[in-house]
Every structure is written in structure tokens, then in C-alpha cells.
There are 2 protein chains.
Amino acid sequence: MSHHHCPAATDIQTPLAASGRPKDLEKRAAILTAAKQLFPGHGFDGISVDAIAQAAGVSKLTVYSHFQDKEALFMHAIGELCQELLPDHLFVPEAGEPIEDALRALADSFFALVASPAAISLQRLVLADVRAEGRLGRMFWRAGPARILASFEGFLGRAAAAGDLEIIDPAQAAIHFLSLLKGAVNLRMLCCGARAAEIPADEASAHVAGVVDVFLRAYQPRTPQAG
Amino acid sequence: MSHHHCPAATDIQTPLAASGRPKDLEKRAAILTAAKQLFPGHGFDGISVDAIAQAAGVSKLTVYSHFQDKEALFMHAIGELCQELLPDHLFVPEAGEPIEDALRALADSFFALVASPAAISLQRLVLADVRAEGRLGRMFWRAGPARILASFEGFLGRAAAAGDLEIIDPAQAAIHFLSLLKGAVNLRMLCCGARAAEIPADEASAHVAGVVDVFLRAYQPRTPQAG
DNA sequence: AACATACTATACCAGTCGGTTCAATAATTG
DNA sequence: CAATTATTGAACCGACTGGTATAGTATGTT
């Protein structure tokens with residue numbers, strides 16, 4: 001049952017001893033694309049392998065040729081979704097920018113991310129699954145929130161070192177700022193549907209402005225700085 | 001198929017024309033108890049009606065005698081879970097209490113709620129389900145977050161009227177405070193498992209203290225008040 | 001007692017699912 | 001060419017599901 005002559009044979013094709021017809025990478029991509037489109041909004045149990053195969057224009061057996069399992073396909077699809085959705089370069093403030101402007105720019109990006117239907121459905125998909133307590137949830141946490149927190153913590157540390165902010169614990173301050181930004185919108189979208197609970201642009205910018213304001217009131221140096 | 005001689009016959013037993021053997025309410029309670037124990041952690045599709053019936057020590061047909069549907073049983077169970085978990089009296093500050101003490105007490109209660117394994121599993125159960133975008137999600141939102149937000153908004157409004165806090169928009173400030181409290185702990189517990197991500201008591205109280213501190217820095221009147 | 005209903009046990013139904021088998025065909029290498 | 005592998009369509013398997021049917025027993029009302 002558990003013989004593995006060549007490890008991960010169904011995962012990445014071995015360049016060695018490649019005789020015979022090669023696997024069609026486009027079909028593999030089509031399968032993953034279909035999975036990424038179908039799994040959100042239906043959940044792991046809500047969509048069948050047949051449905052994915054059909055949506056990909058591919059035989060079911062081809063799916064099982066490229067992926068060992070339904071679960072393996074699921075994990076690959078979620079992994080790609082995470083990487084697509086979570087940019088590495090969210091926090092790249094311009095040099096010499098005033099701290100409020102930098103914060104507001106970051107806040108706009110982050111809020112747009114957490115309020116996007118794609119992020120909502122991905123988040124729901126991850127939390128929905130029972131596997132969430134195992135590898136899947138931790139994978140999402142590390143690929144998403146953890147990385148963003150760490151990146152923003154670095155930004156706050158530099159701002160504090162420059163005297164723009166008065167922060168003792170940058171990690172805690174990062175959590176504060178990002179939690180304020182997520183606010184109630186994220187949860188309401190998760191509960192009431194991303195499209196149903198979407199808020200208009202002016203409301204969103206007002207929310208972001210309010211958060212930046214609160215954060216600055218709490219973390220701006222009260223003793224005026226030179227510069 | 002859809003004849004309803006007596007409306008909600010499977011829901012509440014009609015005291016009228018009660019001839020014959022009456023329904024055993026203890027069995028109904030046992031079914032609901034089993035459902036409330038089993039649905040979280042397995043999801044709607046993850047547990048079968050047979051399993052619930054067996055856990056309740058009851059025949060499957062009895063389940064269908066008390067509840068029209070698997071979905072009806074699910075909704076009843078979730079509804080009871082919500083009501084059990086969400087107390088009405090979370091915000092009852094003592095009169096004459098300093099604002100920081102009142103805030104800290106509220107913060108402790110609220111954080112204990114959102115960081116409790118029961119709340120985590122309920123939240124995951126609700127968000128996981130596809131029905132979340134329909135009645136279920138809205139039911140949870142209104143029974144839980146919405147009510148807490150409204151209650152706390154009232155508290156903040158009174159504090160602002162008394163001059164203890166300097167708040168222009170109490171609703172926004174309530175979202176700020178509760179979002180700060182939820183912080184990253186809630187999401188990490190959702191992702192990595194409630195028990196795995198549980199934080200020690202001293203860390204929790206430090207988190208709460210930090211939040212209250214930040215909130216007061218942002219919302220405490222800068223011009224000293226009389227009293 | 002007669003009657004009506006709840007409840008149990010068991011079996012059943014129709015449908016779906018994940019996964020496999022089979023035979024045939026297509027694509028690639030040597 | 002032959003050999004090898006990918007892909008396909010279809011049928012198939014075993015298991016499970018929500019829900020129902022049947023038949024008999026228990027428990028209540030009148």
C-alpha cells in the first residue's frame with residue numbers, strides 16, 4: 001500500500017529517466033486553477049474530484065496522476081492561493097516620508113487586503129477545514145498573518161529608532177495597529193458574506209483615517225522631536 | 001410534501017389535542033446536547049445524523065421526529081450554543097469606579113470570552129459553514145459581535161458624557177477597543193487550534209493591560225478634567 | 001379497555017463520494 | 001519501428017449519507 005519507489009513521483013516529475021510521454025504541465029496548472037476557483041466557497045467536502053476534473057477539462061484519472069490525493073490537491077491549491085494573495089512587499093515606505101503618510105499608505109494596503117473578497121473566502125476556507133488545527137492552519141498563519149506582523153514590526157522598530165514614534169514593544173504595537181485596521185469589517189464580512197458586507201470606499205477611507213489617528217494619538221511622541 | 005397541518009409540529013409540541021404518548025423532552029434535550037458536542041470540531045458535513053442519534057442514546061427516527069431536518073437540528077444546536085456563550089451582562093461597571101478600572105474589568109471579561117476554546121470552536125463552526133452567508137452567519141453576528149458592540153458603545157457614550165473619555169464617535173471607539181483586545185490571539189487560535197495557541201495567564205493580562213493603556217492614551221482627555 | 005402517539009430496531013433506498021480498473025489512444029524517447 | 005508513459009472515457013467498487021418504510025413495543029389519554 002505504501003510503496004514509494006520514487007518519492008514524490010506524483011508531485012514533481014523526475015527529470016531522470018524521462019522516457020515515454022511527459023506529463024502535461026498545462027493540465028496540471030488547469031487542475032490547480034480549477035481547484036483554486038472551486039474549493040473556496042464550497043469547502044473541502046463541498047466539491048468533488050469529478051467536479052474539479054470537469055472544470056479543468058481533464059479526466060479524473062489525470063487528476064490522480066498529478067496529485068496523490070484529494071487532500072494533496074487541496075493543500076497545493078491552498079498553498080498557491082496563500083502565496084498569490086499575500087505579497088511580500090506590503091511595507092515599503094518611501095524614504096523621508098512623514099510617518100503619518102507612511103502609516104496611512106500601509107493601512108490602505110492592509111485594509112484593502114483583509115477586506116477583499118478573495119482574502120475573506122481564503123480565510124473562511126482555511127478555518128472551515130478540520131485540518132486547520134494541523135498543518136493547514138499553521139501554514140496559513142505563517143504564510144499570512146505571521147509574516148505581515150513581522151514585517152510591520154520591523155517597520156515600527158525603525159520608526160521608533162528614528163524618533164518618529166514612541167514605541168517600547170514594536171511587536172505589540174504592530175498587533176495593535178493591524179488589529180485596529182481589521183476592525184469589525186473582517187468579521188462582519190466573514191459572517192454576512194464578503195459581497196453583502198462590503199463597505200463603500202469613503203467609509204473605508206474614513207475607517208483607515210480614524211485608525212491612523214488613534215494609533216498616532218497613542219504612539220506619537222508627546223515631547224516634540226527635533227526634525 | 002409540504003403540508004403543515006399544525007405549524008412547527010416538529011419544533012414545539014402543541015399543547016392542544018395532546019392525545020397519545022407525549023414527546024419525551026429529555027430525549028430532545030439529549031439530541032441537542034449531542035449535537036452541540038459533536039457539530040463543533042467536525043462541522044455540518046463532518047458528523048452524521050446516525051452518529052448524533054447514537055451519541056444521544058436515541059434512535060435515528062426519533063431525531064427526525066423531533067427535528068424536521070439535519071439542517072434544522074444544526075440551526076437549533078448553534079442557536080443554543082450562541083445563547084449559552086454570549087452573556088447579556090458583560091458590561092456592568094460599578095458606579096463611581098475609575099475609568100481605567102472599569103475598562104480593565106470589561107477588557108478581562110471580553111478577552112476571556114474571545115480567547116475561550118468554546119468561543120473559538122463556535123466561531124469556526126459558524127464561519128466554516130457555507131450557510132454562513134445566509135441566515136446562520138447573520139444570526140451569529142447579531143447574537144454575538146453586534147450585541148456586544150452596541151452594549152459597549154453605550155458604555156463609552158456614557159463615559160464620554162461624564163468627561164472620563166474624549167470620544168467623538170462612540171461606535172468607532174468601541175470597535176477600536178474590542179478589536180485591540182481580540183488582537184492576534186483570536187486569529188492564531190482559529191488557525192493553530194484553541195488549545196495549541198492558548199496563552200498563559202500572565203501574558204494575557206499583560207496583553208489586556210497594554211490594550212487598556214493604548215486606548216487610554218488615545219482617548220483620555222488631554223486637558224485635565226475636574227473631579 | 002380502546003386508541004393514539006412515541007420510540008426502537010432493522011432494513012432499505014437512492015444518491016454521492018473517493019479511488020481504482022480496464023481498454024484504447026496519444027505523445028514522446030530510443 | 002518498439003517501448004514507455006500520459007491521458008481518456010467509462011464502468012466499477014465499497015463505503016457512507018440523508019432520509020424513509022415497516023413492524024413491533026412502550027407510554028400516554030380518554
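Naming convention: chains lettered A, B, ... in sequence-line order (proteins, then strands); numbering from 1 in each chain.
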Q: Indicate whether OP1 or OP2 belonging to D:dT8 is found under 4.0 Å from a side-chain N or O atom of A:K27.
A: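 Yes, because at least one side-chain N or O of A:K27 sits under 4.0 Å from OP1 or OP2 of D:dT8.
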Q: Could you state the CD-P distance from A:E26 to D:dA6, rounded to the nearest angstrom?
A: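 A:E26 atom CD is separated from D:dA6 atom P by 17 Å.
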Q: Mark up nucleotides 12-20 of chain C, 5' to 3', with B wherever a protein heavy atom is under 4.0 angstrom from a base atom, S wherever such an atom reaches only the sugar-phosphate, and - elsewhere.
A: -----SBBB
Q: Do any pairs count as a salt bridge (Lys or Arg N to Asp or Glu O under 4.0 Å) and have a residue in residues 48-61 of chain A, sequence neighbours left out, and if so which ones?
A: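 Those involving residues 48-61 of chain A are A:D50-A:K60.
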Q: Show me the donor-acceptor pairs within less than 3.5 Å that the side chains of residues 176-193 of chain A make with the rest of the protein, sequence neighbours left out.
A:
residue: A:H176; atom: ND1; partner: A:Y219; partner atom: OH; Å: 2.7
residue: A:S179; atom: OG; partner: A:I175; partner atom: O; Å: 2.7
residue: A:N186; atom: ND2; partner: A:V114; partner atom: O; Å: 3.0

Q: Going by salt bridge (Lys or Arg N to Asp or Glu O under 4.0 Å), name the residues that satisfy it together with A:E203, two or more places apart in sequence or in a different chain.
A: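 Here no residue qualifies.
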Q: Quick one: salt bridge (Lys or Arg N to Asp or Glu O under 4.0 Å) partners of B:R147, sequence neighbours excluded?
A: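 Partners of B:R147 by the salt bridge (Lys or Arg N to Asp or Glu O under 4.0 Å) criterion, ordered by chain and then number, come out as B:D88.
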Q: Just how far, in rounded Å, is C1' of C:dT5 from NZ of B:K23?
A: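 Interatomic distance, NZ of B:K23 to C1' of C:dT5: 9 Å.
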Q: With sequence neighbours excluded, tell me which residues meet side-chain contact (heavy atoms from CB on, under 4.5 Å) with A:A146.
A: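 Only A:W141 meet the side-chain contact (heavy atoms from CB on, under 4.5 Å) criterion with A:A146.
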Q: Test of understanding: with side-chain contact (heavy atoms from CB on, under 4.5 Å), list the residues that count as partners of A:Q54, not counting sequence neighbours.
A: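 Checked A:Q54 against side-chain contact (heavy atoms from CB on, under 4.5 Å); zero matches.
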Q: Does A:S65 have a side-chain nitrogen or oxygen under 4.0 Å from the phosphate oxygens OP1 or OP2 of D:dT7?
A: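 For A:S65, the contact criterion (side-chain N or O under 4.0 Å from OP1 or OP2 of D:dT7) is met.
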Q: Can you tell me how far C1' of D:dG19 sits from CD1 of B:I52, to the nearest Å?
A: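 Atom CD1 in B:I52 sits about 14 Å away from atom C1' in D:dG19.
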Q: Rounded to whole Å, how long is the line connecting atom CD of B:Q54 with atom P of D:dC16?
A: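 Those two atoms, CD and P, are 13 Å apart.
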Q: N/O contacts under 3.5 Å, protein versus nucleotides 28-30 of chain C?
A:
none

Q: So, is A:H66 near the phosphate of D:dT7, with a side-chain N or O under 4.0 Å from OP1 or OP2?
A: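 Answer yes for this pair, as a side-chain N or O of A:H66 is under 4.0 Å from OP1 or OP2.
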Q: Sequence neighbours excluded, which residues qualify as salt bridge (Lys or Arg N to Asp or Glu O under 4.0 Å) partners of A:D213?
A: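 Checked A:D213 against salt bridge (Lys or Arg N to Asp or Glu O under 4.0 Å); matches are A:R217.
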Q: Rounded to whole angstroms, how far apart are CZ on A:F67 and P on D:dT7?
A: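 Spelled out: CZ on A:F67 to P on D:dT7 is 11 Å.
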Q: Answer yes or no: are there more than 12 heavy-atom neighbours, outside A:E84 itself, under 6.0 Å from its atom CD?
A: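 Result for CD/A:E84: enclosed.
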